[in-house]
Amino acid sequence: MERVEGCFVVGKYHIYVVNNLPVGSPAVSFHCASGDNDFGKKSLGVGEEFSFGFCKVPQFTLFFCHFWWEGKEKAFVAFDASWHVDICKHRVCYYAVKTDGFYFSPSYPPKDLTIFYKW
């Protein structure tokens, strides 16, 4: 497992966002941030991926993401340190953006994507 300074006790967590919209779809725009980290507004074309890693600080780590696509908008918590360990089993939160919503897998590469949030 990859280690970064300060992550030697809890290890490093990763969040992945991938655009799984149909070929020819416009890019999806999004903004992910926490109280300490702001990745700014980004956009992903079909098939593109954005990821970031962080050290989980028990009871304090919280990341949210806000998405825009084709007149739709959705904001949600992408990681919360208070979640039970089973949600991000392998220290991974993987989100695939699709036309009907956001699919989730706790592994990378993703296995068994399930709908997590709807637009």
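These numbers come from a predicted model, not from an experiment. Basis for what follows: all heavy atoms, side chains included, without hydrogens, waters or symmetry-related copies.
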Closest non-hydrogen atom pair, Phe104 against Pro106: CE2-N, 3.7 Å
Residue among Phe76, Tyr16, Phe50 satisfying ring pair (Phe, Tyr, Trp, His ring centres under 6.0 Å) with Tyr95: Phe76
From Asp80 atom CG to Cys93 atom SG, the distance as rounded to the nearest 0.5 Å: 10.0 Å
Side chains of Phe79 and Thr61 in contact at under 4.5 Å (non-hydrogen atoms): yes
Side-chain heavy atoms of Trp69 within contact of Ser29, under 4.5 Å: no
Under the ring pair (Phe, Tyr, Trp, His ring centres under 6.0 Å) test, residues paired with Phe63 that sit two or more places apart: Phe52, Phe54
Check: Tyr94 and Ile15 side chains under 4.5 Å, non-hydrogen atoms: no
Close side-chain approach of Val97 to Asn20, heavy-atom, < 4.5 Å: no
Flag for Tyr108-Glu49: side-chain donor and acceptor within less than 3.5 Å: yes
Contacts of His31 that satisfy ring pair (Phe, Tyr, Trp, His ring centres under 6.0 Å) - sequence neighbours left out: none
Val77 and Leu62, any side-chain heavy atoms less than 4.5 Å apart: yes
Ser107 side chain to Pro110 backbone, donor-acceptor under 3.5 Å: no
Minimum side-chain heavy-atom gap Ile115-Phe102 below 4.5 Å: no
Stepwise side chain to side chain contact (heavy atoms under 4.5 Å, CB included) test for Leu44 and Val17: CA-CA 9 Å; Leu44 293 175; Val17 177; 4.1 Å; yes
Minimum side-chain heavy-atom gap His14-Arg91 below 4.5 Å: no
Criterion side chain to side chain contact (heavy atoms under 4.5 Å, CB included) on His66 and Lys74, from CA distance to verdict: CA-CA 6 Å; His66 194 156; Lys74 181 68 175 178; over 6 Å; no
Non-hydrogen side-chain atoms of Val46 and Pro22 separated by less than 4.5 Å: no
Inter- and intrachain pairs under side chain to side chain donor-acceptor pair (under 3.5 Å), touching residues 110-119, at least two apart: none
Heavy-atom closest contact (Ala27 atom, Ser43 atom, distance): CB-CB, 4.3 Å
Heavy-atom closest contact (Pro26 atom, Asn19 atom, distance): O-ND2, 4.5 Å
ILVMFWY network linking Leu21 to Phe116, side-chain heavy atoms under 4.5 angstrom: yes
Over-ring placement of Lys42 relative to Phe30, 6.0 Å and 45° cut-offs: no
